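To start, the structure itself, in structure tokens.
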Amino acid sequence: MEENDSEKPQDFIRAHISEDVANQKNDGRVHTRFPPEPNGYLHLGHAKSICLNFGIAKEFNGLCNLRLDDTNPSAEKVEYAKAIQKDVKWLGFDWEERLFHASDYFDQLHQWAVQLIKDNKAFVCDLNFEEMRAHRGNLTDAGKNSPFRDRSVEENLDLFAKMKAGEFDEGTKTLRAKIDMSSPNLNLRDPVIYRILHQEHPETGDQWKIYPSYDFAHGQSDSLEGITHSLCTLEFEHHRPLYDWFCENLKIHHPQQIEFARLNLNYTVMSKRKMLRLVEEGHVDGWNDPRMPTLSGMRRRGFTPASILSFCERVGLAKRENIIEMELLEFCLREDLNKCAQRRLGVLDPLKVTIANYPDGQVEELDAVNNPEEPETGTRKVSFSKTIFIDRNDFMEDPPKKYFRMAIGKEVRLKYAYYVTCLEVIKNDQGEITELICEYDPESRGGGTPDARKVKGTIQWVDSTTAVNPEIRLYERLFKVPNPDEVEEGKDYISNLNSDSLTSISNALVEASIQEMKAGEAFQLERIGYFTIDSKAQEDGNLVLNRSVAMRDSWAKKQGK
RNA sequence: AGCCUGGUGGUGUAAUGGUAGCACAGAGGUUUUUGGUACCUUCAGUCGGGGUUCGAGUCCCUGCCGGGCUGCCA
């Protein structure tokens, strides 16, 4: 462990593990795993689990496996399995040679099922879905034993072998653990441990006609891999007695399951099922839509691994349900990008500016700072000429008090360029402003003057001779309410989708160097926000900028009041 | 209803019987060639009631409120 670990408070899981290590449980070894099911893309909630499992392994000089929990071939795909590995790697974690599948253990699991039958602790049940539900009882009433519960070991062995051989139709028979139909924990009322599924499996092909249930596969997989601490979310709490039951009755290494509260973020949804529907119904542009809280979507949006790691550290870890505010995520992104993103100039809504006293036909190169937070990143050249563009909302004809931007007769600084003063406003027949006529102070080249006079406002601009015109996409929260699941009778979260979550801007202008940026590379358009090149559009040869997050804007906030 | 689980500022999360702290958000300010950043200041909390104790967020009792569980999903 690192030295400063004693300084920062431990969460309840790390405290638990520290104690186990101190007591030499498992010989002081720590081994965790991240076990996603390959039935969808990883999201921010998974990132929390990934950081936890890989983070703990590292802190305790242990190991963390990546295991694909592929016990249900009906929803699982190779596409998902590949995406999962890509996302975990992207976050910066390494499972080394320890990529496993629950399906790696199908043979062993099957043997264990046979062992349970021989020990008279499991039986083949002929009840169908409805009958089984009826026998299970409910929250207040105990269940009834299955009429097939007392079959002989020999008959069970024979029937289970036939199930395995594919002699029965799906849903006609199951293998059930013989536990307790009157347990207040419904999971212990003779749970199904094998079901018949005539499905092709991505890893094992058509080898199996029966597949183990989660409960019969997960703990055993942990056990086989020598996992010491099996960390999972709260909804598995009721499954822990089952987890323990199998380890004990199979007499195998018994990892400790510990549950923690899953991550919730407001203004979005964090469930694969709900995301899948957004994708399938076309509400978003696929799993990696930049508005999705998937890791692939966030990557396309311009999030950095460092910002996500920082976020996962800050959300904390506890057993109480929580809803994190989106602002924390945005803070983490800005915090990281402020340090590492290069600055560039661009305008979203160009307004032509002619500098009356600037020489006709002259074009000069000015030095612009790449990143004021990292001076060693140096400067770049930006061109300047008689005709430039500023952002339309940086000019006002009737400015309010304390408006620092361009207005008639008011001197402002063009970032990295000159001081200019607006002389005249030109409008079209509809009364819309089409152009500003300004004059500049040649002495102010670079943004300062010999007399050191103060200029309060600094605005960004682009030069007409070199600017390029990308498509710019601005994103807002995907849902218009903090909790998308809070709906009127008869409606669901889809009705809470924010129809303004995507804004596409077609007439923006940015400095030419943006064309050299790579997809995923973060940069700041000064005073507008942090952006990255859209990877999907780039593959099609189009230049599209995604706004990852806007700058904090205390002026807008003040105006809004 | 039964079982499980949890309640600390707006949101999260610490304090393991001894000064209720930190972060984000909010408010105000200083600096600034980004109304950004940085820095400073500030607002605000132990679910209620009883008990044990010199001392309770922490232990006990009780009430209230939230979440989870009735797939051959994970």
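Here the structure is a predicted model, which means the values were calculated and not measured. Proteins come first, then strands; the chains are lettered A, B, ... in the order of their sequence lines, and each starts at number 1.
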Parallel, tilted or perpendicular: rings of His110(A) and Tyr194(A) (30°, 60°): perpendicular

Watson-Crick or G-U stems involving RNA chain B, each at least 3 pairs long, distances under 3.5 Å, ordered by first number: B:2-7 with B:64-69, B:10-13 with B:21-24, B:26-30 with B:38-42, B:47-51 with B:59-63

Under 5.5 Å and under 30°: Phe129(A) stacked on C72(B): yes

Phosphate OP1/OP2 of G35(B): any Arg527(A) side-chain N/O under 4.0 Å: yes

Stretch residues 69-77 of chain A: residues that reach within less than 4.0 Å of RNA chain B through a heavy atom: Asp69(A), Thr71(A), Asn72(A)

Set of side-chain contact (heavy atoms from CB on, under 4.5 Å) partners for His238(A), sequence neighbours left out: Asn185(A), Asn187(A)

Partners passing salt bridge (Lys or Arg N to Asp or Glu O under 4.0 Å) against Asp244(A) (at least two apart in sequence or in another chain): none

Any Arg136(A) side-chain nitrogen or oxygen under 4.0 Å from OP1 or OP2 of G71(B): yes

For Tyr267(A), ring pair (Phe, Tyr, Trp, His ring centres under 6.0 Å) partners two or more places apart: none

Set of side-chain contact (heavy atoms from CB on, under 4.5 Å) partners for Gln85(A), sequence neighbours left out: Leu66(A), Leu68(A), Trp95(A), Leu99(A)

Listed partners of Arg445(A) passing side-chain contact (heavy atoms from CB on, under 4.5 Å), at least two apart: Glu364(A), Leu366(A), Tyr418(A)

Polar atoms only, N or O, under 3.5 Å: list the protein pairs with nucleotides 13-17 of chain B and their distances.
residue, atom, partner, partner atom, Å
U13(B), OP2, Arg320(A), NH1, 3.0
A14(B), OP1, Leu317(A), O, 3.3

Short side-chain N/O contact from Arg552(A) to OP1 or OP2 of G35(B), under 4.0 Å: no

Contacts of Phe389(A) that satisfy ring pair (Phe, Tyr, Trp, His ring centres under 6.0 Å) - sequence neighbours left out: none

Any Thr140(A) side-chain nitrogen or oxygen under 4.0 Å from OP1 or OP2 of C3(B): no

Ring-face cation of Lys415(A) near Trp461(A) (centre distance under 6.0 Å, axis angle within 45°): no

Tyr243(A) OH - C69(B) P separation (whole Å): 21 Å

Residues which pass salt bridge (Lys or Arg N to Asp or Glu O under 4.0 Å) with Arg149(A), listed by chain and number, not counting sequence neighbours: Asp190(A)

Distance test, side-chain N/O of Arg195(A) to OP1/OP2 of A74(B), below 4.0 Å: yes

Minimum-distance nucleotide (side-chain atoms of Pro372(A) versus G36(B), A1(B), U5(B)): G36(B)

side-chain contact (heavy atoms from CB on, under 4.5 Å) involving Arg552(A) - partner list, sequence neighbours excluded: Arg334(A), Lys557(A)

Near-strand residues of residues 323-337 of chain A, defined as heavy-atom separation under 4.0 angstrom from RNA chain B: Ile323(A), Ile324(A), Glu325(A), Glu327(A), Leu328(A), Phe331(A)

